[in-house]
Structures are given as C-alpha cells and as structure tokens.
Amino acid sequence: MRATADEIRSKLEALADLQVAEVSMRFFKTGPGEYGEGDRFRGIRVPLLRKLRAEYRDLPLADMIELLVSPFHEDRLLALLLLMHRYWRVDDQGQAEIYEIYLSHTAWINNWDLVDVSAEHIVGSFLRDKERTPLYQLAASRDLWERRIAIMATFRYIKRGEFGPTLALAAMLLDDKEELIHKAVGWMLRETGKRNMDTEERFLRQHYRKMPRTMLRYAIERFPEERRQQYLKGLL
C-alpha cells in the first residue's frame, strides 16, 4: 500500500529536531524583513530527506503537491526531490505535467536551496529542446525566486556547453537589486568560465564595470589573483 502525504508528514514530525530547526531559521534568514521571512522548519537535515525520497518515490503526484504547499520548508524540499525523481521516470506527457506543476507553484519554491536543487532538473530539462521564452518571462518577474529559477535553470545548458541562455539572462539581470540574484548570476558565469573561459571573459569585458560587486566577485572567483584584481580595479 502506497504512502500518503499525511503519513509522510507524521514521519517528518517524528524526525523533527528543534535545535536544528533554530539553526536553519537563522541560516535561511526567516526573520522580519529577511528574504525567508516567516518560513518554518522542522529541523531535518538534507541527507535524511534524500533517503526519504528513495523510500517514498512512488508517492502519488497529488500527495507530492500537497507536500509542496506545506508551511514547512523540509516538506517542500522533499516534495521537490520527489518531483525531480518522478520527472526522469515518466514519458513526455508526464514531464510536461510536472513542469506545469512546478511553474504553477513557484510561490512555495521560495528559498535559494529549493530553487537551486530543482530548477535545472525540471525547468531547464523540460525546455532543453524547446523555445526558451518561459525563462525570459521568469527573469522579468517581480518575484525574486522566479528570477532565480530562470538563471539557475540554465545550469542544465551550461553543462552541455550551451552558454547563450545564461549570458542573455545574465544581461537581463545586471540591474537586479537582490543580492541573491547577483550571487546566482555570478555563479552561473563562473560555471560558464570553467567550461569556456573565453566566453565568460567576452561577457565580462562588456559588462563588468556596471555589474553589482557581488556578481563580479562570484564570476571571477576562480581567476588567477592578478586577473581578479584587474577586474576588481577596473583595469581591463
């Protein structure tokens, strides 16, 4: 007999650790005015959630959605892990359904770890051989997490040696006000450079003088120190 969302929630409640939860609430900035304001944590570490993903991989899709709209962060993370696992086991129609579920529930994919673990594997993977307009729509969103989903989804393409979507979205997001976007864009530029340094440097030479400092620092983190300083001091 397959598990249900209620049964999983009961198990997660039993695994809760108040001390871990308190640390997580500080780490994920859940205080007033912070990016994770109001989020609730049970205090369950990620390796254990990954084990539960294997245990509950046959959970009905409706129950995964029920977990995804939970007020508890770990429930939502487990739901995303389950959806990702399901995505690779279903046909094209099933993948399209999971993609639509994901984009219609972005209000609950509302912290950087939830985005980063899932965006490339669902959004990026689904759009890999399709028109990429949804990425640019997400990047233009007023919602911080939808913008992060857009740039993080391109990690899928970077790994295949396709850099165009990352660079186009990075250019769109140069003036973004949120540091979490600066970090994500810089990270994806760095990943581009790990595979093709010339491509990253062409982008940087065009844009680095107006980049947010955090974005630039993330992008050049692995450069030789002399080269880093040239970018940081505006000498190129």
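Computed from a prediction, not measured in an experiment: that's the story for all the values here. The residues of the chain are indexed from 1 along the displayed sequence.
- For the pair Lys159 and Phe155, the cation sits on the ring face: its NZ or CZ lies under 6.0 Å from the ring centre, inside 45° of the axis.
- Side chain of Arg50 to backbone of Pro47: no donor-acceptor contact under 3.5 angstrom is found.
- Looking at Arg190, Arg228, Lys194, Lys183 one by one, the single match for salt bridge (Lys or Arg N to Asp or Glu O under 4.0 Å) with Glu221 turns out to be Arg190.
- A salt bridge does not link Arg26 to Glu34: none of the charged side-chain nitrogens sits closer than 4.0 Å to a carboxylate oxygen.
- Geometric assessment of Arg209 against the ring of Tyr231 yields a negative cation-pi assignment under the 6.0 Å and 45° thresholds.
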Between Glu201 and Arg227, is a salt bridge (Lys or Arg N to Asp or Glu O under 4.0 Å) present by the stated rule, with each step listed? CA-CA 11 Å; Glu201 288 225 57; Arg227 194 68 162 172; 3.2 Å; yes
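- Arg147 places a side-chain N or O within 3.5 Å of a backbone atom of Ser141 that can act as its donor or acceptor partner.
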Ser125 vs Arg156, test: side chain to side chain donor-acceptor pair (under 3.5 Å). Steps then yes/no. CA-CA 7 Å; Ser125 291; Arg156 185 71 180 171; 3.2 Å; yes
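- Looking at Arg205 and Glu200, no side-chain N of the basic residue comes within less than 4.0 Å of a carboxylate O on the acidic one, giving no salt bridge.
- Residue-environment remark: CG (Asp91) exceeds the threshold of 12 foreign heavy atoms within 6.0 Å.
- Between Glu66 and Arg9 there is a salt bridge, with a side-chain nitrogen of the basic residue lying less than 4.0 Å from a carboxylate oxygen of the acidic one.
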Assess whether side chain to side chain donor-acceptor pair (under 3.5 Å) is satisfied between Glu97 and Gln93, documenting all intermediate values. CA-CA 6 Å; Glu97 183 179 15; Gln93 183 177 349; over 6 Å; no
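- At least one side-chain heavy atom of Leu114 sits less than 4.5 Å from a side-chain heavy atom of His73.
- For Arg42 and Glu74, the salt-bridge test fails: no basic side-chain N is under 4.0 Å from an acidic carboxylate O.
- The ring of Phe41 has its center closer than 6.0 angstrom to the ring center of Phe28.
- Between Asp6 and Lys11, none of the side-chain N atoms (NZ, or NE/NH1/NH2) sits under 4.0 Å from a carboxylate O, so this pair counts as no salt bridge.
- Because its NZ or CZ atom is both nearer than 6.0 Å to the ring centre of Phe72 and within 45° of the ring axis, Arg40 counts as a cation-pi partner of that residue.
- For Arg148 (side chain) and Leu180 (main-chain N/O), a donor-acceptor pair under 3.5 Å exists by modelled atom type.
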